[in-house]
Peer 1: 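This is the structure I have questions about; it appears just below.
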Amino acid sequence: MGMPQRFDLLVVGGGVIGLSVAWRAARGGLRAAVMDPAPASGASHAAAGMLAPVSEVAYTEEPLLRLGLASLDRWPSFAAELAADAGREAGDLDYREGGTLDVAFGADDMAALEEIAAFATGLGLPARRLTGRECRRLEPMLAPSVRGGMLAERDAWVDPRKVTAALLTALERRGVTLLRTRAAALETSAGRVTGVRPATGGTVGADRVVLATGAWSGGPGGAGAPAAIEGLPPGILPPVRPVKGQIMRLRSPEPILGRCVRGTVHGSHVYLVPRADGELVVGATQEEMGFDTRVTAGGLWELLRDARELLPGVTELELSDAVAGLRPGTPDNLPVIGPAGPPGLWLATGHHRNGVLLAPLTADLCAGDGDPGLLKICSPLRFQEHR
Ligand code: FAD
């Protein structure tokens with residue numbers, strides 16, 4: 001690696017989380033670096049970009065809702081500052097506010113939506129119940145069989161690929177070093193983390209190392225798992241597991257939806273996210289398949305079969321992209337953010353289904369800015385205590 005290097009902050013992992021943490025630190029005046037052999041290629045490349053704390057959350061998950069709302073509040077300024085820092089127009093990240101429309105087909109779905117709507121309104125969140133006719137008035141392309149719905153009016157959405165591209169540009173413009181190599185081991189001295197040994201050799205020194213390696217944060221895994229980062233004291237890494245999600249992008253000449261639409265079909269959830277240029281994202285499967293990232297005929301078939309129930313015209317569209325990503329899942333569905341034990345080491349991982357939504361909050365928490373109560377919810381120590 002040539003000359004020894006030393007940074008205030010070294011972020012390992014360049015997905016939406018690691019890049020946001022590094023960008024926030026650089027804006028705060030820290031000398032930061034990011035280490036990743038393939039930045040912006042993991043779950044963040046697959047993600048749909050729904051910023052949907054209200055419609056996403058089951059009513060039992062109040063801590064996750066608190067985190068989601070705190071991060072959603074940060075999104076407008078995060079998007080504006082990021083676009084400006086990357087030298088782009090404000091609208092270039094495709095950040096949009098228009099709510100999520102959750103639709104129901106049967107009595108069971110309606111009852112489930114009623115419960116979520118009651119939970120949300122009980123917390124003072126706008127969640128409007130709609131008849132089937134009102135749903136179609138909002139979204140005329142919806143299937144006639146849609147019986148009713150709920151509009152989570154505060155939800156928003158963004159294009160995650162544009163966000164990570166803007167983050168990489170903004171980091172470069174701020175002089176953040178991007179080290180395109182895998183972190184092989186943590187360096188420690190007298191019990192303190194002092195840097196990282198890259199797979200290419202040498203040492204990169206840092207006062208603080210943040211592990212933001214997404215689905216690869218869980219230490220030694222099963223078959224097909226990549227090499228774990230060595231040098232960590234036992235029991236430090238959280239129980240993060242990969243949750244596979246297949247997702248596709250379709251193309252139409254004009255946007256055919258005005259907002260995100262979700263529904264439950266045949267017991268599985270499907271959602272549609274529109275982009276200003278006519279792209280329509282259809283997602284996503286949830287599979288416990290280890291580190292498998294194959295796109296399968298069956299996975300895409302299920303998505304299209306379910307999407308067609310919501311929006312019959314969907315099968316006419318051109319298929320432009322299909323990928324599988326690995327969500328960093330945790331046992332309690334909450335992220336893992338904060339000091340991890342040995343001085344000098346922080347974790348920023350385990351964002352599961354909500355990493356894009358939670359990126360601005362995560363970056364703030366890692367910069368020491370944010371409600372300590374929220375940081376406590378995310379503490380890595382909650383898993384270490386139970387070992
Ligand atoms: P990743 O983006 O996976 O990045 C981790 C990075 O770590 C990778 O670039 C990898 O190369 C690097 N890495 C791993 N090991 C090492 C090492 N040893 N050294 C150096 N680098 C390493 N979230 C939402 O908020 N809204 C959505 O609508 C949404 N939709 C989704 C749809 C799908 C199909 C999937 C799969 C996920 C979705 N998510 C969504 C979840 C979201 O994508 C994740 O929570 C988020 O991308 C996690 O970001 P990350 O930076 O932690 O992980």
Side-chain angles (χ1 to χ4, degrees), residues 10-22 34-53 55-56 67-68 71-72 75 100 155-161 163-164 167 178-186 196-200 204 209-219 225-230 240 242-249 260 262 269 271-273 281-287 291 293 295 299 303 322-330 333 335-337 347-363:
L10 172 60
V11 181
V12 179
V16 71
I17 296 299
L19 296 175
S20 300
V21 169
V34 176
M35 186 180 290
D36 192 324
S41 67
S44 309
H45 180 70
M50 290 178 73
L51 311 174
S55 65
E56 176 75 9
L67 296 175
S71 205
L72 185 65
W75 255 102
T100 307
D155 285 359
W157 67 102
V158 72
D159 185 341
R161 293 181 179 177
V163 172
T164 51
L167 281 165
L178 181 60
L179 301 157
R180 287 185 183 263
T181 177
R182 192 177 69 78
L186 285 186
V196 170
R197 179 153 45 83
T200 39
V204 182
V209 173
V210 177
L211 286 187
T213 45
W216 297 270
S217 306
I229 297 175
E230 291 168 19
V240 171
V243 180
K244 177 178 175 181
Q246 301 189 51
I247 188 162
M248 68 177 98
R249 282 156 169 86
C260 299
R262 302 167 31 119
H269 303 290
Y271 56 76
L272 305 165
V273 179
V281 184
V282 181
T285 66
Q286 284 219 77
E287 305 164 66
F291 287 90
T293 51
V295 175
L303 288 176
V323 293
L326 301 174
R327 305 175 185 90
T330 60
N333 294 329
V336 185
I337 307 165
L347 298 179
T349 182
H351 293 78
H352 200 204
R353 296 163 59 93
N354 292 294
V356 183
L357 169 65
L358 297 175
L361 176 68
T362 304

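Each ligand, and each atom within it, is numbered from 1 in the order the structure gives.
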Peer 1: Considering only non-hydrogen protein atoms, determine which one is nearest to atom 34 (C) of ligand 1 and report residue, atom name and distance to 0.1 Å.
Peer 2: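 Ranked first by proximity to atom 34 (C) of ligand 1 is Gly245 O, 3.6 Å.
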Peer 1: Check each atom of ligand 1 against the heavy atoms of Tyr271 and keep those under 4.0 Å away; list them by number with element.
Peer 2: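 Atoms satisfying the 4.0 Å criterion: 30 (N), 31 (C), 32 (C).
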Peer 1: Look at the side chain of Asp36 and the backbone N and O of Gly13, then say whether any donor-acceptor pair between them is shorter than 3.5 Å.
Peer 2: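 Side chain of Asp36 to backbone of Gly13: no pair is present.
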Peer 1: Which ligand 1 atoms, with their elements, are less than 4.0 angstrom from a heavy-atom of Arg182?
Peer 2: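 So the answer, numbered in order with elements, is 17 (C), 18 (N), 19 (N).
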Peer 1: Please state which option from Gln286, Met50, Arg327, Met248 has its nearest heavy atom closest to atom 35 (C) of ligand 1.
Peer 2: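 Ranked by closest heavy atom to atom 35 (C) of ligand 1, first place is Arg327.
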Peer 1: Between Met35 and ligand 1, which residue portion shows a heavy-atom distance shorter than 4.0 Å: side chain, backbone, both, or neither?
Peer 2: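 Looking at Met35 and ligand 1, just backbone atoms fall under 4.0 Å.
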Peer 1: With no hydrogens and no angle check, is any side-chain donor or acceptor of Thr285 less than 3.5 Å from a backbone partner on Gln246?
Peer 2: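 Flag set: sc Thr285 to bb Gln246 pair under 3.5 Å.
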Peer 1: Trp216 to ligand 1: N or O pair under 3.5 Å?
Peer 2: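 No, Trp216 has no N/O under 3.5 Å of an N/O on ligand 1.
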Peer 1: Is any side-chain heavy atom of Leu167 less than 4.5 Å from a side-chain heavy atom of Ser20?
Peer 2: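 Contact flag for Leu167/Ser20 side chains = yes.
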Peer 1: So which protein heavy atom does atom 23 (N) of ligand 1 come closest to, and at what separation?
Peer 2: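 The answer is Arg353 O, 2.9 Å.
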Peer 1: Is there any N or O on Leu357 that sits under 3.5 Å from an N or O of ligand 1?
Peer 2: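 Min N/O separation from ligand 1 is below 3.5 Å for Leu357.
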Peer 1: Need the ligand 1 atom indices (1-based, order shown) with element for anything under 4.0 Å from a heavy-atom of Ala38.
Peer 2: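 Result: 9 (O), 11 (O).
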Peer 1: With heavy-atom distances below 4.5 Å as the criterion, would you say the side chains of Pro242 and Arg327 are in contact?
Peer 2: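 No, side chains not in contact.
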Peer 1: Decide whether an N or O pair under 3.5 Å exists between Ala215 and ligand 1.
Peer 2: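 So ligand 1 has no N or O lying under 3.5 Å from an N or O of Ala215.
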Peer 1: With a heavy-atom distance limit of 4.0 Å, tell me whether Lys244 approaches ligand 1 through its side chain, its backbone, both, or neither.
Peer 2: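 It is neither; nothing of Lys244 touches ligand 1.
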Peer 1: If you define the side chain from C-beta out and look only at heavy atoms, does anything of Arg180 sit under 4.5 Å from Pro39?
Peer 2: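 In short, these two side chains touch, coming nearer than 4.5 Å.
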Peer 1: Who's closest to atom 31 (C) of ligand 1 heavy-atom-wise, of Ala185, Ser44, Ala47?
Peer 2: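 Comparing heavy atoms across Ala185, Ser44, Ala47, the nearest one to atom 31 (C) of ligand 1 lies in Ala47.
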Peer 1: Going by heavy-atom distance to atom 11 (O) of ligand 1, choose the closest among Asp36, Thr293, Ile17.
Peer 2: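 Answer by nearest heavy atom: Asp36.
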Peer 1: Does any non-hydrogen side-chain atom of Glu287 lie less than 4.5 Å from one of Val243?
Peer 2: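 A side-chain contact is absent here, since even the closest heavy-atom pair is not under 4.5 Å.
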Peer 1: Nearest 0.5 angstrom please: Leu72 CG to Leu67 CG, how far?
Peer 2: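 That separation rounds to 12.5 Å.
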Peer 1: List ligand 1 atoms under 4.0 Å from Gly325, heavy atoms only on the residue side.
Peer 2: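 The atoms of ligand 1 under 4.0 Å from a heavy atom of Gly325 are 36 (C).
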Peer 1: With a cutoff of 4.0 Å, is Ile229 in contact with ligand 1, counting heavy atoms of the residue only?
Peer 2: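 Yes, Ile229 has a heavy atom closer than 4.0 Å to ligand 1.
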Peer 1: Looking at residues at least two apart in the chain, or sitting in another chain, which of them share a side-chain hydrogen bond (donor to acceptor under 3.5 Å, both in side chains) with Ser44?
Peer 2: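 None.
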Peer 1: So, Arg161 side chain and His45 main chain: donor-acceptor pair closer than 3.5 Å or not?
Peer 2: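 A pair under 3.5 Å: yes.
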Peer 1: Considering only the protein, which heavy-atom contact is closest to atom 53 (O) of ligand 1, and what is its distance?
Peer 2: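 Answer, as residue, atom name and distance: Gly214 CA, 3.6 Å.
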Peer 1: Answer yes or no: is there a side-chain heavy-atom contact under 4.5 Å between Lys244 and Leu326?
Peer 2: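 In short, these two side chains touch, coming nearer than 4.5 Å.
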Peer 1: Please list, in number order, the atoms of ligand 1 under 4.0 Å from a heavy atom of Val12.
Peer 2: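 So the answer, numbered in order with elements, is 19 (N), 20 (C).
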Peer 1: Can you list the ligand 1 atoms lying under 4.0 Å from a non-hydrogen atom of Ala183?
Peer 2: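 So the answer, numbered in order with elements, is 17 (C), 18 (N), 19 (N), 20 (C).
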Peer 1: Short N/O distance, under 3.5 Å, between Gly355 and ligand 1?
Peer 2: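 Such a contact does occur with ligand 1.
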Peer 1: Using a heavy-atom cut-off of under 4.0 Å, does the side chain or the backbone of Leu19 touch ligand 1, or both, or neither?
Peer 2: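 Neither; no heavy atom under 4.0 Å.
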Peer 1: Within ligand 1, which atoms have a heavy atom of Pro37 less than 4.0 Å away?
Peer 2: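 Counting from 1, the qualifying ligand atoms are 20 (C), 21 (N).
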Peer 1: Val16 versus ligand 1: do any nitrogen or oxygen atoms come within less than 3.5 Å of each other?
Peer 2: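 N/O-N/O distance under 3.5 Å: yes.
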Peer 1: Do me a favour and list the nearest non-hydrogen protein atom to atom 4 (O) of ligand 1 with residue, atom name and distance?
Peer 2: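 Scanning the protein heavy atoms, the shortest distance from atom 4 (O) of ligand 1 goes to Gly15 CA, 3.4 Å.
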Peer 1: Is there a polar contact between ligand 1 and Gly49, counting only N or O atoms under 3.5 Å apart?
Peer 2: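 Checking ligand 1 against Gly49, an N or O pair does fall under 3.5 Å apart.
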Peer 1: Is the shortest heavy-atom distance from the side chain of Val210 to the side chain of Val12 under 4.5 Å?
Peer 2: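 Answer no - side chains too far apart.
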Peer 1: Taking Ser41 for its side chain and Ala38 for its backbone only, find out whether a donor-acceptor pair lies under 3.5 Å.
Peer 2: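 Indeed, once roles are kept as given, a pair shorter than 3.5 Å links the two residues.
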Peer 1: Between Leu326, Leu179, Thr213, which one has a non-hydrogen atom sitting closest to atom 22 (C) of ligand 1?
Peer 2: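 Going through Leu326, Leu179, Thr213 one by one, Thr213 has the nearest heavy atom to atom 22 (C) of ligand 1.
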Peer 1: With the side chain counted from C-beta on, respond yes when Trp75 and Leu361 share a heavy-atom pair under 4.5 Å apart, and no when they do not.
Peer 2: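 Not in contact.
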Peer 1: Check whether any side-chain heavy atom of Leu186 lies under 4.5 Å from a side-chain heavy atom of Glu230, and answer yes or no.
Peer 2: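 A side-chain contact under 4.5 Å is absent here.
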Peer 1: Specify the protein heavy atom at minimum distance from atom 3 (O) of ligand 1: its residue, its atom name, and the distance to 0.1 Å.
Peer 2: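 Going by distance alone, atom 3 (O) of ligand 1 is nearest to Ala43 N, 2.9 Å.
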Peer 1: Tabulate below the donor-acceptor pairs under 3.5 Å that side-chain atoms of residues 46-53 make, not counting sequence neighbours, or state none.
Peer 2:
none

Peer 1: Distance under 4.0 Å to a non-hydrogen atom of Ala48: what atoms of ligand 1 satisfy this?
Peer 2: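 The atoms of ligand 1 under 4.0 Å from a heavy atom of Ala48 are 28 (O), 29 (C), 30 (N), 31 (C), 32 (C).
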Peer 1: Nearest to atom 45 (O) of ligand 1, what protein heavy atom do you find, and at what distance?
Peer 2: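 Closest protein heavy atom to atom 45 (O) of ligand 1: His352 O, 2.8 Å.
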Peer 1: Could you tell me whether the side chains of Thr362 and His351 share a donor-acceptor contact shorter than 3.5 Å?
Peer 2: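 His351 and Thr362 do have a side-chain donor-acceptor pair below 3.5 Å.
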